[in-house]
Amino acid sequence: LQGGINAFTCGGGGGGGFQQRRGGGGGQQRPPPPELFPKNSSSGIAPLGQAKFPSKSSKYLWVVVFYDNKSKACQAIKEQLESFAGKVKGTFKVGAMNCQRGRADLDFCKQEGVNVQNLPTFAFVVNGQIRMHDKGGRNPPSMKQLHEFAMEHTPFNMVHMINHPSKVDERLMDTARNEKKIGSILLLTDKYETSPKYASLAYQYRNSFVFGENRGKTLSMAKHFHVKKYPLLVAFIPHQQGGGFETIRLEDIKSQVLSEWVERLVTKYGPKKSFSSGSSRSSNRRRR
């Protein structure tokens, strides 16, 4: 999302009200407008609804647009939002909620503070908290502004700074034991800022691992972990019995999707899932 990012343009017209059309005078009704963000779209934008909206237990960080199919302003941002979704893939999930789909969705939008007469409206969802962007309707944010908004609310504090080998036990391993996590993961990098993708990974697996980072090629850390090439990922998995821990290194980070690597650690070292009936399915119905 560097440079040359055009602002969302709008064709005028805010979100319309939820109405039922009635036939009259024998005239033909216009067919409803096509769904702007349909299911199974190649755009990567996920349709959301009142019964399937990111909650506190959601796995991912979400950028959400609240919209109305009939609104020209909403129609005008479709291509730009699809482009945005492609650029942030792997860092943020992008979802779209049609506030005018039905009464339940309309009520949900209003309950969450969405001005349904001024759509589209944009939000960032983290830990079940919906944070609204202050621009919308006929004056929507540019993609750059939307990305900056998401970055502003990304929980970078979930990544612990590790500037010396002595801090690994205290800030990562001990914390993982105390919080009963599977283990901890440390990123050693030559960069000087935490990447949003790594912060997103820490959020995605917050219930399984404690995440840490050493930035800027710290010499003591490089020697301790025998770093030959940056970046390097190291996972620490405590032994179930007898103390000690197992170390798993990922030397070539670019060779695979990081979430897939972490997921394999969860599968191998995490608690085995047990399937029970009924209630668990309903309790997780809103998890995204």
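T154 places a side-chain N or O within 3.5 Å of a backbone atom of A150 that can act as its donor or acceptor partner. The backbone N or O of R171 sits less than 3.5 Å from a side-chain atom of T175, completing a donor-acceptor pair. No donor-acceptor distance shorter than 3.5 angstrom exists from the side chain of T218 to the backbone of S220, with no hydrogens or angles considered.
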For side chain to side chain contact (heavy atoms under 4.5 Å, CB included), just list the numbers for V116 and L106, CA-CA rounded to whole Å, side-chain angles, deciding distance to a tenth of an Å, and then say yes or no. CA-CA 8 Å; V116 296; L106 177 63; 3.9 Å; yes
Check against side chain to side chain contact (heavy atoms under 4.5 Å, CB included), V114 and L119: CA-CA 8 Å; V114 178; L119 300 175; 3.7 Å; yes
For a side chain to side chain donor-acceptor pair (under 3.5 Å) check, start with the C-alpha distance between D105 and Q100, then their side-chain angles and the critical distance, and finish with the verdict. CA-CA 7 Å; D105 289 334; Q100 308 295 349; over 6 Å; no
Would N127 and R206 count as a side chain to side chain contact (heavy atoms under 4.5 Å, CB included) here? Give the steps. CA-CA 11 Å; N127 274 328; R206 63 195 182 279; 4.0 Å; yes
Side chain to side chain contact (heavy atoms under 4.5 Å, CB included) between V266 and F209, intermediate numbers included: CA-CA 9 Å; V266 173; F209 292 95; 3.7 Å; yes
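Under the side chain to side chain contact (heavy atoms under 4.5 Å, CB included) criterion, N163 pairs with K167, not counting sequence neighbours. Qualifying ring pair (Phe, Tyr, Trp, His ring centres under 6.0 Å) partners for F124, counting only residues two or more places apart in sequence or in other chains: F92.
In plain terms, the two heavy atoms of K181 and S208 that are nearest each other are CB-O, 3.3 Å. The two residues G95 and L48 make their nearest non-hydrogen contact at CA-CD1, 3.8 Å. Minimum interatomic distance between Q50 and M97 (heavy atoms only, all atoms of both residues): N-CE, 3.5 Å. The two residues G270 and I182 come nearest to each other via the heavy atoms CA-CD1, 3.5 Å. Closest non-hydrogen pair, H153 versus V126, comes out as O-CG1, 4.2 Å. The two residues R101 and G49 have their closest heavy-atom pair at NH1-CA, 4.3 Å.
In this structure the side chain of F108 reaches within 4.5 angstrom of the side chain of E112, judged on heavy atoms. Side chains of Q204 and K59 form a contact here, defined as non-hydrogen atoms less than 4.5 Å apart. The shortest distance between side-chain heavy atoms of E213 and H160 does not fall below 4.5 Å. Residues E251 and K229 fail the side-chain proximity criterion, which asks for heavy atoms closer than 4.5 Å.
By the 6.0 Å contact criterion, CD on Q111 is enclosed, its count of non-hydrogen atoms from other residues, nucleotides or ligands being greater than 12.
For the disulfide bond (SG atoms under 2.5 Å apart) condition, the pairs that include at least one residue of residues 103-171, sequence neighbours left out, are C99-C109. Residue pairs meeting the ring pair (Phe, Tyr, Trp, His ring centres under 6.0 Å) criterion with at least one member in residues 161-207, sequence neighbours excluded: Y198-F211.
When the options V65, I77, T121, L146 are evaluated for a side-chain contact (heavy atoms from CB on, under 4.5 Å) with P140, the one that passes is I77.
If you take CD on Q117 and OG on S71, they are separated by 10.5 Å, rounding to the nearest 0.5 Å. To the nearest 0.5 Å, the span separating CG on L201 from CG on L233 amounts to 8.0 Å. If you take OG on S259 and CZ on R264, they are separated by 9.5 Å, rounding to the nearest 0.5 Å.
The aromatic rings of F37 and Y67 sit perpendicular to each other, their planes meeting at more than 60°, with 30° as the lower class boundary.
Cluster partners of F245, by chain and number: I162, V168, L172, M173, L186, L188, V210, M221, F225, V227, Y230, L232, V234, F236. The rule joins Ile, Leu, Val, Met, Phe, Trp and Tyr whenever side-chain heavy atoms lie under 4.5 Å apart. Residue F156 belongs to a hydrophobic cluster whose other members are M151, with links defined by side-chain heavy atoms closer than 4.5 Å.
With respect to R177 and D174, a salt bridge is recorded, a charged nitrogen being found less than 4.0 Å from a carboxylate O.
Checked against the 6.0 Å centroid criterion, the rings of F122 and F149 do not qualify as a close aromatic pair.
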